[in-house]
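Presented below is the structure to which this report refers.
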Amino acid sequence: MTPSFVHIWRLLRWGRTLARYGALRGIERDPLTPPQVRRLVRLARFGARIPKQPAYADAFEALGPAAIKLGQALATRPDLVGEQAAVELSRLQDALPPAPFPLIRAAIEQGLGKPIEQLFATIEETPVGAASIAQVHRAVTTDGRTVAVKVLRPGIEEEMARAIETYEWAAAHAELIGGEFTRLRPRLVIATFRQWTARELDLRREAASASELAENMAAVPGFVVPAIDWTRTARRVLTMEWIDGIKMADRTAIAAAGHDGKALAALLVQAFLRQAIADGFFHADLHHGNLFALPDGRIAAIDFGIMGRIDRRARVWLAEILHGLITGNYKRVAEIHFEAGYVPPHHNIGEFTTALRAVGEPIRGLPAKDISIGQMLDGLFAITRDFDMQTQPHLLLLQKTMVMVEGVATGLDPDLNMWETSGPFVKEWIRSELGPEAWLADRIVGDLRTLAGLPDLVRRIEAQFPAPGGAPPPPPLPEVQVIRIGSGWRYAAVAALAAVAGAAAMLLLN
């Protein structure tokens, strides 16, 4: 276990870096910041030259891979870091100088257990992309297929483990302070972050996620997931089909290639809704760099390290919340928040309904194309503090991805009507999941499962209570005189045994 003084030293060193970029100014000025934390911030920035405008993204990039990943996670939490910081952190560039190819070559050979010449006919030494956790090289397999080979950076597991251990230590001590930290649940936030990074640091899990998503998206032929080469995939190496397409970030090239931006945007929104609402398993990193427009008008996605899951009940709640905010049914939206446990029961549902109306009414007066999911989520975040709403980590990825998809889609089609595009899908899903047909189907399935379990239940009852004759009859029991001993009745077993023993002794003596 790492000593506390090591964690403190790391935090002060990181704090010093953040201070140089002005990234601690918001924490120091927030009136809800506990005095202990404010003192640490002042210590970290002592003697540093503070810029007038905070550069949050630059600060986290300067701290290294673990901080970049943490910053991307915090970008989903304007309630935790503030709206300005969240917007800035959303611009984090997950790009670093590549590791030397000899180290990458050694990692491939060690991971796959073979010389690289037996695996690939050619492999480009210059990577096509180098991120904080891994880098990708283009290669041709020995059987002639062009593939993308993703390799973890040497030493990244150890670096991430050290950083996350200190994050956990800091989060635990922050919760001990109480107050606002208790509501924000930083330990749970870091625990969720650990789960995200654990998936990214095992490329077999990323490959499995891609495979599962491909199966789910078979019903959406316009959304492509590259095929996995399992024979060339291991914990630190992932090989998949090469994608030839234009990155969604290159709008000029997309237009020059003759792509229909409106069609691509609608396809992206529909594909995301299918993943998130219908399947409950979605690609949670759908930014411009991970999406490609293919020559035939389809969309391909890459980088399946961050995936999200939400269960059916939560999906129903979310669909109802979105639909209720748009239609003005604020009372039902408030009821859902209380039913889901998002708002503690000691609050007044009427007051919460009024707060939701303050979020929804400005939206209802706008044309549908001007309604921003990001702005709506910001409005919801703003009321979480007033109603003691605790962090819901299982929804963080969904919130982040919704904003990402909206940004990419509106970049392709500035006039995109998000609600007209998604509305029919959401309404139909709600009807199919909550309508009378769905209720009847759920009831039939539940009753059939109960009936199927009856034989086993009867067998267990028989085992516990065997039928007469299933055990030998007990012998006749003698009458025993009962006497009172102390405050209760006891059997005079000792006296009876003594009498029997005495009679047997007399018989033997005679």
Side-chain angles (χ1 to χ4, degrees), residues 2-99 130-133 135 153 155-156 158-175 177 180-181 184 186-187 189-190 193-194 196-197 200 287 289 400:
T2 304
S4 293
F5 74 85
V6 174
H7 294 306
I8 294 172
W9 170 249
R10 288 176 185 166
L11 290 170
L12 287 174
R13 182 161 48 87
W14 296 341
R16 188 72 174 174
T17 300
L18 293 172
R20 288 202 303 270
Y21 289 91
L24 296 179
R25 180 177 295 164
I27 297 176
E28 187 174 356
R29 292 180 176 178
D30 192 329
L32 294 178
T33 299
Q36 305 96 310
V37 176
R38 189 175 285 108
R39 284 195 293 268
L40 287 174
V41 169
R42 289 171 179 169
L43 178 63
R45 70 166 175 78
F46 180 75
R49 298 181 62 182
I50 311 299
K52 293 182 178 180
Q53 294 296 328
Y56 297 101
D58 294 340
F60 277 76
E61 286 176 7
L63 291 175
I68 290 174
K69 287 298 176 185
L70 179 63
Q72 290 173 339
L74 293 176
T76 68
R77 296 297 311 280
D79 62 325
L80 183 61
V81 299
E83 185 175 348
Q84 178 186 357
V87 171
E88 177 70 18
L89 290 174
S90 67
R91 301 191 185 98
L92 267 173
Q93 297 298 311
D94 195 0
L96 292 174
S132 57
I133 285 182
Q135 58 192 62
R153 284 179 171 273
I156 188 62
E158 295 78 8
E159 182 175 350
M160 295 293 289
R162 287 193 299 269
I164 291 176
E165 187 181 7
T166 297
Y167 297 159
E168 290 173 335
W169 184 92
H173 284 77
E175 284 199 4
I177 297 174
E180 185 71 358
F181 283 117
L184 296 174
R187 294 185 67 186
V189 173
I190 299 302
F193 175 66
R194 177 185 278 278
W196 296 358
T197 55
E200 288 194 89
H287 60 71
K400 163 194 168 186

Mind checking what makes salt bridge (charged side-chain N to carboxylate O under 4.0 Å, His left out) contact with E165, not counting sequence neighbours?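 Residues passing salt bridge (charged side-chain N to carboxylate O under 4.0 Å, His left out) with E165: none at all.
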
Among residues at least two apart in sequence or on other chains, which ones pass salt bridge (charged side-chain N to carboxylate O under 4.0 Å, His left out) with R13?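 Partners of R13 by the salt bridge (charged side-chain N to carboxylate O under 4.0 Å, His left out) criterion come out as none, since no residue qualifies.
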
Closest heavy-atom pair and its distance - [X], [Y]:
X    : Y    : answer
A171 : I190 : CB-CG1, 4.0 Å
R153 : A130 : NH2-CB, 4.0 Å
I68  : F60  : CG1-O, 3.8 Å
A163 : A66  : CB-CB, 3.4 Å

Measure the acute angle between the ring planes of Y167 and F193, then classify it against the limits of 30° and 60° as parallel, tilted or perpendicular. tilted

Pairwise distance [atom1]([X]) to [atom2]([Y]) - rounded to 0.5 angstrom:
X    : Y    : atom1 : atom2 : result
K69  : T197 : NZ    : OG1   : 9.5 Å
L11  : T166 : CG    : OG1   : 6.0 Å
I133 : E159 : CD1   : CD    : 10.0 Å

Close side-chain approach of [X] and [Y], heavy atoms under 4.5 Å:
X    : Y    : result
E168 : R194 : yes
Y56  : L18  : no
R10  : R162 : yes

So does R187 get a backbone contact from the side chain of E175, meaning a donor-acceptor N/O pair under 3.5 Å?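 Here the side-chain-to-backbone pair exists.
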
Who pairs with A161 by side-chain contact (heavy atoms from CB on, under 4.5 Å), at least two apart in sequence or on another chain? none

